[in-house]
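Heads up: the structure comes next, in structure tokens.
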Amino acid sequence: MVRTHGQEKEFNRHGTLMSEQAQAVEVSWIEKGERKTNLYQQNSHYYLAVRFFCNDGDEFAIVMKKRK
């Protein structure tokens, strides 16, 4: 795991985002109703982001990477 964005807590579902052809992967999450984003360039690694959707409307994302 590279990084967790947002506050981890109990969630009711999750989504995934992954592309080996993309130049970058954008990760978004919501903390206290505010949407935030981070961009990961896929120069030397592939990135995988898993977003978790919480019962209170917030989201958090876990980002993983592997070498190309």
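For reference, positions follow the sequence shown, starting with 1.
D58 has a carboxylate O that lies under 4.0 Å from a charged side-chain N of K9, or vice versa, which qualifies the two as a salt bridge.
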Is there a side-chain contact (heavy atoms from CB on, under 4.5 Å) between F52 and V50 once you walk through the steps? CA-CA 7 Å; F52 296 86; V50 182; 3.7 Å; yes
I'd like to know whether L48 forms a side-chain contact (heavy atoms from CB on, under 4.5 Å) with K65, so could you lay out the CA-CA distance, the side-chain angles of the two residues, the decisive distance to 0.1 Å, and finally the verdict. CA-CA 6 Å; L48 167 69; K65 70 178 180 179; over 6 Å; no
Derivation and outcome, side-chain contact (heavy atoms from CB on, under 4.5 Å), residues E31 and K36: CA-CA 8 Å; E31 280 185 90; K36 300 179 181 185; 3.3 Å; yes
Any chance you could lay out the side-chain contact (heavy atoms from CB on, under 4.5 Å) test for E26 and N38, step after step, and finish with the verdict? CA-CA 6 Å; E26 182 179 50; N38 197 8; over 6 Å; no
Should R51 and S28 be marked as a side-chain hydrogen bond (donor to acceptor under 3.5 Å, both in side chains) after you check the CA-CA gap, both sets of side-chain angles, and the distance that decides it? CA-CA 8 Å; R51 277 195 320 171; S28 66; 3.0 Å; yes
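Nearest heavy-atom pair, G57 versus I30, reported as atom, atom and distance to 0.1 Å: O-CG2, 4.1 Å. For Q7 against F60, the heavy-atom pair with the smallest separation is O-CD2, 3.5 Å. When every heavy atom of R67 is checked against every heavy atom of Y46, the shortest pair comes out as O-CD1, 4.3 Å.
Going from atom CG of N43 over to atom NE2 of H45 covers 10.5 Å, rounded to the nearest 0.5 Å.
Atom NZ of K32 sits in a sparse spot, with 12 or fewer heavy atoms from other residues, nucleotides or ligands closer than 6.0 Å.
Taking the six-membered ring where the residue is Trp, Y40 and Y47 present tilted rings, their angle falling between 30° and 60°.
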